[in-house]
There are 2 protein chains.
Amino acid sequence: MSRSAAAGSIVPLPALSDRHIDPHSYPDGIAFLDGQYLPMSQAKISVLDWGFLHSDATYDTVHVWNGSFFRLDLHLDRFFGGLEKLRMTIPFDRDGVSEILHNCVALSGHRAAYVEMLCTRGASPTFSRDPRQAVNRFMAFAVPFGSVANAEQLRRGLHVAISDKVRIPPASIDPAIKNYHWLDLVRGLYDAYDRGAETALILDFNGNVAEGPGFNVFCVKDGRLSTPAIGVLPGITRRTVFDLCAEEGFAAAAADVSVAALKGADEVFITSTAGGIMPVTVIDGVPVADGKIGAITSRLMALYWQKHDDPAWASPVRYP
Amino acid sequence: MSRSAAAGSIVPLPALSDRHIDPHSYPDGIAFLDGQYLPMSQAKISVLDWGFLHSDATYDTVHVWNGSFFRLDLHLDRFFGGLEKLRMTIPFDRDGVSEILHNCVALSGHRAAYVEMLCTRGASPTFSRDPRQAVNRFMAFAVPFGSVANAEQLRRGLHVAISDKVRIPPASIDPAIKNYHWLDLVRGLYDAYDRGAETALILDFNGNVAEGPGFNVFCVKDGRLSTPAIGVLPGITRRTVFDLCAEEGFAAAAADVSVAALKGADEVFITSTAGGIMPVTVIDGVPVADGKIGAITSRLMALYWQKHDDPAWASPVRYP
């Protein structure tokens, strides 16, 4: 029913405001957009940006720990690789992006930060529907470091549930392009909450384990590590686990990981820039092995954090 | 290499600005957010909103033609259905949303408008990673009406290419939840541009035709219409074609449509709120039948626009 039919009498139209009054709160941090360094409350994109309307965007996140970036080069490699695959261009090279990230962190003052670089398709200045006519938009921001697992969960291991949601397959979206297509992961997370778990793993299109919201997964059986090979983000922390295994002489392989294999593992852990290497001790309500954090997981966690002081992988932020 | 190592001398940090100076242009229109009616330049979301970072959002678009909404009730049904599936809540019921959409259009003054209602997961006020703690955010906006096909393409038919990209399958994302997960469609569109076409169709996970960027597809063979049944958005314009076919006595069915069947059809057209029923006359460089717009397509196009004056489907906007 139309309003004119419903109302019976004329209702005045609401007032039009010039400028948005923002009632929301934002974390302490610094963003870069349109050449400007700004507080996080100003880090916004238009709802008409195809980065929002079509999730037509790529990004990468790197962390700062004890005042140093960790493996920044690998994150820059992946980000620029994604830009090329999506045919996006930005007016900065690797050194330029690196400088912007450094500036965001330095201006924020954070010694432990979660730092994101991103590029959206943008929009066409003539409002056409052709993405080739869009002006791509680069942004970056630094906010306080966050972790998938909180302090208690890191101590006793995460409780995860395996959802039957299927991770978006590579034939649809190349997972090497780090992207914001997360509704499968979000719905898997709600499945996990419904079953009393703290986070989720979802499946690949063959019914094997794929990954969770923002993390890869590893299992250990008889001293050998494995992690899903296909249809998953090639995570930098996942790669770091392979590098650490090579140093320690642990056997590690990317391969199919069935649900049964994961549940029958000696140890399980997840990996993410948001938290590093994090133990899993309960899957679908059942303890993994004896339900305690395993020896290999503990060893890798310790090594991972030690490496944050190694100049080969850590680059100091120049704070004022 | 770190900046401090690279620089050799101290480079001052860039200045921090209080407020973003926006260099971009926006279409003429009105948005609603946080209880405020605003020009489109103010319609922005935080980069930290999970609607952006996780594309965790649903939406619907309805159009206004000759000053009336077309089939608004069906769009509201789908939008509220998506909210429920994603477990989002907004502080407005159907009448409340309808009133906001009316106000956006009336304040814009547009007699032909593209009107979107959307809800993002929002963000947690405590900056937790738990989506259950997020405050969901409703927005709406009205901008000038746009069409997938321009005037010339409507006259002579669109030229499309079939990409081998696979539409995100329902096991990953329920297509009945209208969503912004479009990277598969965007990459298909670039495939089409590379082959000299104007827009794209992509495949379902069985290799049949699925849909294109923002539209469903129909073909006509021996007087019978068919449109892909699975893994596609249940479009309102697609449904309107079924309704018109019922009135006209045309046989129409949702069924698998192979690439060969599409290329061998007598007529092909696409359907979208952004443009209605739009003819396709060339697929992968080859004319469909005689390359002219077919009789059934033309009949349905005419009926579709006639229905915009029918009070059963059209609800007038109350302009000031």
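This is a predicted model, so every value here is computed, not measured. Every chain is numbered from 1, with letters handed out A, B, ... down the list of sequences. Hydrogens, waters and symmetry mates play no part in the numbers below; they use all other heavy atoms, side chains included.
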Student: Given that the side chain runs from C-beta out, which part of A:L118 has a heavy atom under 4.5 Å from chain B: side chain, backbone, both or neither?
Tutor: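 Side chain only.
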Student: Chain B heavy atoms under 4.5 Å from A:A15: which part of the residue, side chain, backbone, both or neither?
Tutor: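 Contact with chain B is through the backbone of A:A15 alone.
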Student: For the pair B:H102 and B:F69, evaluate ring-ring contact (aromatic ring centres under 6.0 Å, His included) and give the outcome as yes or no after the intermediate values.
Tutor: CA-CA 9 Å; B:H102 271 271; B:F69 283 97; 4.7 Å; yes
Student: Select one option (side chain, backbone, both, neither) describing which atoms of B:E198 are under 4.5 Å from chain A's heavy atoms.
Tutor: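 For B:E198, neither part sits under 4.5 Å from chain A.
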Student: Are the side chains of B:M88 and B:R121 in touch, meaning some heavy atoms are under 4.5 Å apart?
Tutor: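 SC-SC contact between B:M88 and B:R121 confirmed.
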Student: Are B:R87 and A:D194 close enough for a salt bridge, meaning some N to O gap below 4.0 Å?
Tutor: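 Result for this pair is yes, salt bridge flagged.
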Student: Treating B:S108 as the side-chain partner and B:V105 as the backbone partner, does any N or O pair qualify as donor plus acceptor under 3.5 Å?
Tutor: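 Side chain of B:S108 to backbone of B:V105: a pair is present.
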Student: Does A:S124 use its side chain to pair, donor to acceptor, with the backbone of A:A134 at less than 3.5 Å?
Tutor: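 Not confirmed, A:S124 side chain does not pair with A:A134 backbone.
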Student: If you count heavy-atom pairs under 4.5 Å with chain A, which of B:G35, B:A43, B:S128, B:P170 comes out on top?
Tutor: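 The option with the most such pairs is B:A43.
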Student: Quick check on the interface: out of B:P213, B:G51, B:S55, B:S172, who has the most heavy-atom pairs with chain A under 4.5 Å?
Tutor: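 Of the candidates given, the most pairs with chain A belong to B:S172.
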Student: Under the 3.5 angstrom rule, does the side chain of B:S17 hit a backbone N or O of B:R19 as a donor-acceptor pair?
Tutor: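 Side chain of B:S17 to backbone of B:R19: no pair is present.
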Student: To the closest 0.5 Å, what do you measure between CD1 (B:I168) and CG (B:D184)?
Tutor: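 Answer for the CD1-CG pair, B:I168 versus B:D184, is 4.0 Å.
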Student: With a 4.5 angstrom heavy-atom cut-off, could you sort out which part of B:R137 is near chain A: side chain, backbone, both or neither?
Tutor: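 Answer is side chain: those atoms of B:R137 sit under 4.5 Å from chain A.
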Student: Flag the one option from A:N179, A:L189, A:D18 with the top tally of heavy-atom pairs under 4.5 Å to chain B.
Tutor: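 With the most close heavy-atom pairs to chain B, the winner is A:D18.
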Student: Below 4.5 Å from any heavy atom of chain A, which atoms of B:F52 appear? Answer side chain, backbone, both or neither.
Tutor: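 Both the backbone and the side chain of B:F52 come within 4.5 Å of chain A.
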Student: Taking side chain as everything from C-beta outward and backbone as N, CA, C, O, which of these in A:I202 sits under 4.5 Å from a heavy atom of chain B? Side chain, backbone, both or neither.
Tutor: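 Contact with chain B involves no heavy atom of A:I202 at all.
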Student: Top residue by heavy-atom pair count (under 4.5 Å) with chain A, among B:D130, B:N150, B:T199?
Tutor: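 The candidate making the most pairs under 4.5 Å is B:D130.
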Student: Which atoms of A:V186 are under 4.5 Å from chain B, going by heavy atoms: the side chain, the backbone, both sets, or neither?
Tutor: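 Just its side chain gets close to chain B.
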Student: Checking heavy atoms, do the side chain of B:I30, its backbone, both or neither come under 4.5 Å from chain A?
Tutor: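 B:I30 touches chain A through side-chain heavy atoms alone.
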Student: Could I get the full list of salt bridge (Lys or Arg N to Asp or Glu O under 4.0 Å) partners for A:D164, not counting sequence neighbours?
Tutor: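 Counting only residues at least two positions away or on another chain, A:D164 forms no salt bridge (Lys or Arg N to Asp or Glu O under 4.0 Å).
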Student: Is the backbone of B:G214 close enough, under 3.5 Å, to the side chain of B:S272 for a donor and an acceptor to pair up by distance?
Tutor: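 The answer is yes, because a donor-acceptor pair under 3.5 Å joins these two groups.
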Student: Assert yes or no for the condition that the ring centre distance of A:Y114 to A:F145 is strictly below 6.0 Å.
Tutor: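 Not under 6.0 Å, so no.
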Student: Please state whether the side chain, the backbone, both or neither of B:L185 comes within less than 4.5 Å of a heavy atom of chain A.
Tutor: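 For B:L185, there is no contact with chain A at all, as no heavy atom is under 4.5 Å.
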Student: Between the main-chain N or O of B:W50 and the side-chain N or O of B:D56, is there a donor-acceptor pair closer than 3.5 Å?
Tutor: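 No, because the side chain of B:D56 does not come within donor-acceptor range (under 3.5 Å) of the backbone of B:W50.
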Student: Sequence neighbours excluded, which residues qualify as salt bridge (Lys or Arg N to Asp or Glu O under 4.0 Å) partners of A:D34?
Tutor: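 By the salt bridge (Lys or Arg N to Asp or Glu O under 4.0 Å) rule, A:D34 matches no residue at all.
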Student: Is chain A contacted by the side chain of B:I173, its backbone, both, or neither, given a heavy-atom distance below 4.5 Å?
Tutor: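 Looking at B:I173, just its side chain touches chain A.
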Student: Looking at A:K85, A:H20, A:Q42, which one has more heavy-atom pairs under 4.5 Å with chain B than the rest?
Tutor: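 Of A:K85, A:H20, A:Q42, A:H20 has the most heavy-atom pairs under 4.5 Å with chain B.
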Student: Side chain, backbone, both or neither: which part of B:V148 has an atom under 4.5 Å from a heavy atom of chain A?
Tutor: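 B:V148 touches chain A through backbone and side-chain heavy atoms alike.
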Student: Chain A heavy atoms under 4.5 Å from B:A314: which part of the residue, side chain, backbone, both or neither?
Tutor: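 No part of it gets close to chain A.
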Student: Look at B:M139, B:K165, B:R187 and state which one has the largest set of heavy-atom pairs under 4.5 Å with chain A.
Tutor: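 Max contact count across the listed options: B:R187.
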Student: At a heavy-atom distance under 4.5 Å, which candidate from B:F205, B:Y190, B:Y59 has the highest pair count against chain A?
Tutor: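 Answer, by heavy-atom pair count under 4.5 Å with chain A: B:Y190.
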Student: Under 4.5 Å from any heavy atom of chain A, what part of B:L203 do you find: side chain, backbone, both or neither?
Tutor: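 For B:L203, there is no contact with chain A at all, as no heavy atom is under 4.5 Å.
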Student: Could you tell me whether a side-chain N or O of A:T58 sits under 3.5 Å from a main-chain N or O of A:K178, the two making a donor and an acceptor?
Tutor: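 Side chain of A:T58 to backbone of A:K178, a donor-acceptor pair under 3.5 Å: yes, one is there.
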Student: What residue in B:G188, B:P131, B:S25 has the most heavy-atom pairs under 4.5 Å with chain A?
Tutor: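 That would be B:P131.
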Student: Tell me, side chain or backbone of B:Y26 under 4.5 Å from chain A's heavy atoms, or both, or neither?
Tutor: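 Both backbone and side chain.
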